[in-house]
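Residues: numbered from 1 along the sequence shown. When a ligand or atom number is given, it counts from 1 through the structure's own listing order.
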Amino acid sequence: MDKEVVDGVTMKRALTRITYEIIEQSKGTEDLVLVGIKTRGIYLARRIAERMKQLEGLTVPVGELDITLYRDDLHEPGKDEPTVNGSDIPVSIEDKHVILIDDVLFTGRTVRAAMDALMSIGRPKKISLAVLVDRGHRELPIRADFVGKNIPTSLHEQIKVAVEELDQRDSILIQKLDQPKPI
Ligand SMILES: O=P(O)(O)OC[C@H]1O[C@H](OP(=O)(O)OP(=O)(O)O)[C@H](O)[C@@H]1O
Ligand SMILES: O=c1cc[nH]c(=O)[nH]1
C-alpha cells in the first residue's frame with residue numbers, strides 16, 4: 001500500500017523553488033545545460049526549463065541520460081550497478097555548467113554513473129545536482145545542490161515519484177517493502 005507524503009500542489013511548489021534557486025545561484029544562465037536522468041528526471045528537467053522560460057524568459061537546453069541498473073554476475077547477487085545506456089544532449093557540454101536532475105537521490109550510484117557519462121562526453125566547467133527527493137542512505141560522497149524535499153526513510157521503504165506526463169498525476173509516495181531494497 002502506497003502512502004502519499006507530498007501532494008501534487010506541494011510537489012509543483014518544490015519544483016518552482018528549485019527553479020528559483022538555480023536561477024539565483026547560477027551567475028548568468030547562458031552557460032547552463034539541464035540534463036535529466038531517465039526516467040522521471042527527464043520530465044522534471046523539462047519542467048524546470050519551462051519554468052525558467054515562464055519566470056525569466058530564459059531558454060536553457062535540456063538533455064537526457066538513460067541509466068539503468070545492470071546486474072553483473074561477477075558481483076554479489078542482488079547488487080546492481082547503474083550503467084549508462086545512452087545519452088541525448090543536444091548541445092556541447094564543454095565548459096558549460098551542467099545541472100543533473102533526478103527524481104530520487106538514494107545511494108548516489110546513479111549520479112556517479114551520470115557524472116562518469118558526462119565526463120566521457122566532454123569537460124563541463126561545473127556539474128551540479130538537483131533532486132526532487134533526497135531520501136538519505138548515501139553510499140558515496142555525493143550530495144545534491146538543490147533539493148525539493150528531504151524525506152528520511154528506512155531501507156524497508158521505497159520512494160515513488162509520480163509525474164503527470166507518465167502517471168497522470170504529480171505525487172510523492174512511500175511504499176513499504178517486505179524486504180529491504182538490495183543495493
Ligand atoms: O541513488 P540511487 O541508489 O542510484 O537511486 C536513485 C535512482 O533510482 C531511481 O531510478 P530507477 O533505477 O528506479 O529507475 P527509474 O527512474 O527508471 O524508475 C531514481 O529515479 C534514481 O535515478
Ligand atoms: O526509494 C527509492 C530508491 C531508489 N530509487 C527510487 O526511485 N526510490
Side-chain angles (χ1 to χ4, degrees), residues 1-8 10-12 14-15 18 22 33-49 62-73 75-89 98-121 127-183:
M1 185 51 189
D2 297 347
K3 179 174 150 227
E4 184 174 70
V5 284
V6 174
D7 65 19
T10 312
M11 179 170 144
K12 285 186 180 72
L15 282 173
I18 289 176
I22 291 173
V33 180
L34 306 183
V35 175
I37 298 176
K38 188 181 169 256
T39 305
R40 286 167 180 76
I42 291 173
Y43 296 98
L44 301 182
R46 289 182 191 160
R47 285 204 209 174
I48 289 172
V62 183
E64 303 178 0
L65 280 178
D66 178 356
I67 295 170
T68 49
L69 294 177
Y70 168 70
R71 177 148 302 168
D72 182 344
D73 289 331
H75 288 121
E76 259 178 78
K79 295 265 177 187
D80 293 338
E81 277 300 321
T83 188
V84 179
N85 288 331
S87 59
D88 180 5
I89 301 177
V98 176
I99 303 190
L100 279 172
I101 299 173
D102 206 352
D103 58 347
V104 179
L105 178 59
F106 180 38
T107 64
R109 290 175 188 274
T110 299
V111 171
R112 186 201 56 78
M115 287 193 288
D116 282 356
L118 287 177
M119 300 299 210
S120 72
I121 296 169
I127 301 175
S128 301
L129 175 64
V131 295
L132 181 61
V133 179
D134 181 349
R135 62 161 293 186
H137 303 286
R138 218 77 77 241
E139 296 180 353
L140 296 170
I142 284 172
R143 60 161 183 81
D145 302 278
F146 307 98
V147 179
K149 292 275 163 199
N150 283 290
I151 302 182
T153 56
S154 88
L155 290 173
H156 288 268
E157 290 167 329
Q158 170 88 355
I159 294 283
K160 292 181 18 182
V161 171
V163 294
E164 275 169 3
E165 296 88 332
L166 279 184
D167 311 299
Q168 288 71 54
R169 65 172 179 149
D170 285 342
S171 185
I172 303 175
L173 307 123
I174 287 192
Q175 181 185 34
K176 294 269 178 222
L177 301 172
D178 295 335
Q179 298 288 327
K181 191 173 155 60
I183 46 180

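- The backbone N or O of A162 sits nowhere less than 3.5 Å from a side-chain atom of S171 that would complete a donor-acceptor pair.
- Proximity of R135 to ligand 2, defined as any heavy-atom pair under 4.0 Å, is confined to the side chain (atoms from C-beta onward).
- Between the CD1 atom of I48 and the CD1 atom of I22 there is a distance of 4.5 Å, given to the nearest 0.5 Å.
- Residue G108 places at least one N or O, backbone or side chain, under 3.5 Å from an N or O of ligand 1.
- Among I151, V6, L105, L173, the one residue that satisfies the side chain to side chain contact (heavy atoms under 4.5 Å, CB included) test with I159 is I151.
- D2 places no side-chain N or O within 3.5 Å of a backbone atom of Q175 that could act as its donor or acceptor partner.
- For ligand 1 and T107, the ligand atoms under 4.0 Å from any heavy atom of the residue are 1 (O), 2 (P), 3 (O), 4 (O).
- In summary, the atoms of ligand 1 found under 4.0 Å from a heavy atom of D103, numbered by their order in the structure, are 19 (C), 20 (O), 21 (C).
- Contact atoms of ligand 1 toward T39: 15 (P), 16 (O), 17 (O) (distance under 4.0 Å to a heavy atom of the residue).
- Every atom of ligand 2 with a heavy atom of I159 under 4.0 Å away is listed here by number and element: 1 (O), 2 (C), 6 (C), 7 (O), 8 (N).
- Between the D102 side chain and the V131 main chain, no donor and acceptor come within less than 3.5 Å of each other.
- Counting heavy atoms closer than 4.0 Å to ligand 1, residue E139 contributes nothing at all.
- Geometric assessment of R40 against the ring of Y43 yields a negative cation-pi assignment under the 6.0 Å and 45° thresholds.
- Residue-to-ligand polar distances place F106 within reach of ligand 1: an N/O pair is separated by less than 3.5 Å.
- When only interatomic distances are considered, the shortest N/O to N/O separation between T110 and ligand 1 falls below 3.5 Å.
- Contact annotation for V104 and ligand 2: only side-chain heavy atoms (C-beta onward) come within less than 4.0 Å of the ligand.
- In this structure, the side chain of T107 engages the main chain of R109 through a donor-acceptor pair within 3.5 Å.
- At a 4.0 Å heavy-atom cut-off, ligand 1 touches D102 through the side chain alone.
- Here D178 does not pair with K176 in a salt bridge; the nearest charged N to carboxylate O distance is not below 4.0 Å.
- The atoms of ligand 2 that sit less than 4.0 Å from any heavy atom of Q158 are 1 (O), 2 (C), 3 (C), 6 (C), 8 (N).
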